[in-house]
Amino acid sequence: MRLVFLGPPGSGKGTQSKRLVEHFKITHLSTGDMLRAVMTQDTEIGRAAAQSMATGWLVADALVVTLVKERLREPDVQAGFLLDGFPRTVEQARAFEEHLTETHRPLSGVLELRVPLEDLVTRLAGRGRKDDTPEIVRERQGIYRQKTQPLVDFYRQRKLLFPIDGLGTSDEVFDRIVETVQGLKP
Ligand code: AP5
């Protein structure tokens, strides 16, 4: 099973990913977690990640695409993966699509978690991550609408998009996603 999680900051991608990868025995790949892990390194990607986290802006496409492609070569992702936070721009989606075609690994589906803006703001205010200040959250939401929202159409055109209502308890959302994923081709 090769899945992508699409959804604005605070929609519950990280929360649901942790449960889904256990349930479906696949690997969780979060570009946010990967970037937070390299942030303290004095490397091009480390410096870019630190700057992005401080402003809410996206890390350059080429850097993130390289990071993901390298990770996709590792043995633990061969049985399947759930990508959380990638792709995030049309450029990333095109590069990713090309890579999947070259490696003969088509996507099983793209899960779009839908949550109204006012609920997103409340959820993130209660979490307290470094980039969850009201200003940075506003910036991240704006960037999502501008850069990532177009991927909804991108994947809809490819008949890979599966919208999911992200409101309700974590268990309710989880059950909806499991039902959707069970209906996909592996
Ligand atoms: P990333 O770490 O991917 O953050 P994000 O997309 O902004 O998503 P969040 O982690 O904020 O939200 P989430 O949807 O995972 O929600 P969560 O489950 O945590 O990216 C961070 C930064 O890294 C970016 O801004 C960018 O700079 C950089 N980056 C990452 N990927 C990149 C890429 N591909 N290209 C370029 N740059 C990239 O839940 C949020 C809160 O809600 C939690 O407190 C949770 O407990 C609560 N919650 C969850 N579910 C529910 C529910 N059902 N009801 C009530 N509360 C809930």
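Every number for a ligand or one of its atoms is a count from 1 in the order of the listing.
- For the atom pair CD1 of Ile45 and CG of Leu35, the computed distance is 5.5 Å after rounding to the nearest 0.5 Å.
- At least one heavy atom of Arg129 sits closer than 4.0 Å to an atom of ligand 1.
- At a 4.0 Å heavy-atom cut-off, ligand 1 touches Trp57 through the backbone alone.
- Under 4.0 Å from ligand 1, heavy atoms of Lys13 appear from its side chain as well as its backbone.
- Under the 4.0 angstrom criterion for non-hydrogen atoms, Gly7 is not in contact with ligand 1.
- With a heavy-atom cut-off of 4.0 Å, Leu35 touches ligand 1 through its side chain alone.
- Atom 54 (N) of ligand 1 has its closest protein heavy atom at Arg123 NH2, 3.4 Å.
- Remark: minimum distance from atom 39 (O) of ligand 1 to any protein heavy atom is reached at Thr15 OG1, 3.6 Å.
- Neither the backbone nor the side chain of Ser17 has any atom closer than 4.0 Å to an atom of ligand 1 (non-hydrogen atoms only).
- In terms of protein heavy-atom proximity, atom 2 (O) of ligand 1 is closest to Arg36 NH2, 2.9 Å.
- Contacts between Asp84 and ligand 1, counted as non-hydrogen atom pairs separated by less than 4.0 Å, are absent for every part of the residue.
- If you look at Gln92 next to ligand 1, the close heavy atoms, those under 4.0 Å, all belong to the side chain.
- Judged by the 6.0 Å and 45° rule, Arg140 forms no cation-pi pair with Tyr144.
- Between Gly85 and ligand 1, an N or O atom pair is found at a separation short of 3.5 Å.
- Shortest contact from atom 15 (O) of ligand 1 to any protein heavy atom: Gly14 N, 2.8 Å.
- Using a 4.0 Å cutoff on heavy atoms, Ser30 does not count as a contact of ligand 1.
- Of the protein's non-hydrogen atoms, the one nearest atom 20 (O) of ligand 1 is Arg88 NH2, 3.4 Å.
- For Ser170, the heavy-atom gap to ligand 1 drops under 4.0 angstrom.
- Clustering ILVMFWY residues whenever any of their side-chain heavy atoms sit less than 4.5 angstrom apart, transitively, puts Leu160 in the very cluster that holds Leu72.
- Distance check: Phe162 CZ to Ile177 CD1 gives 13.5 Å after rounding to the nearest 0.5 Å.
- Any N or O atom pair closer than 3.5 Å counts here, and Pro87 shares no such pair with ligand 1.
- Ligand 1 lies out of reach of Glu172, whose nearest heavy atom is not under 4.0 Å from it.
- Using a 4.0 Å heavy-atom cutoff, Ala49 is absent from the residues neighbouring ligand 1.
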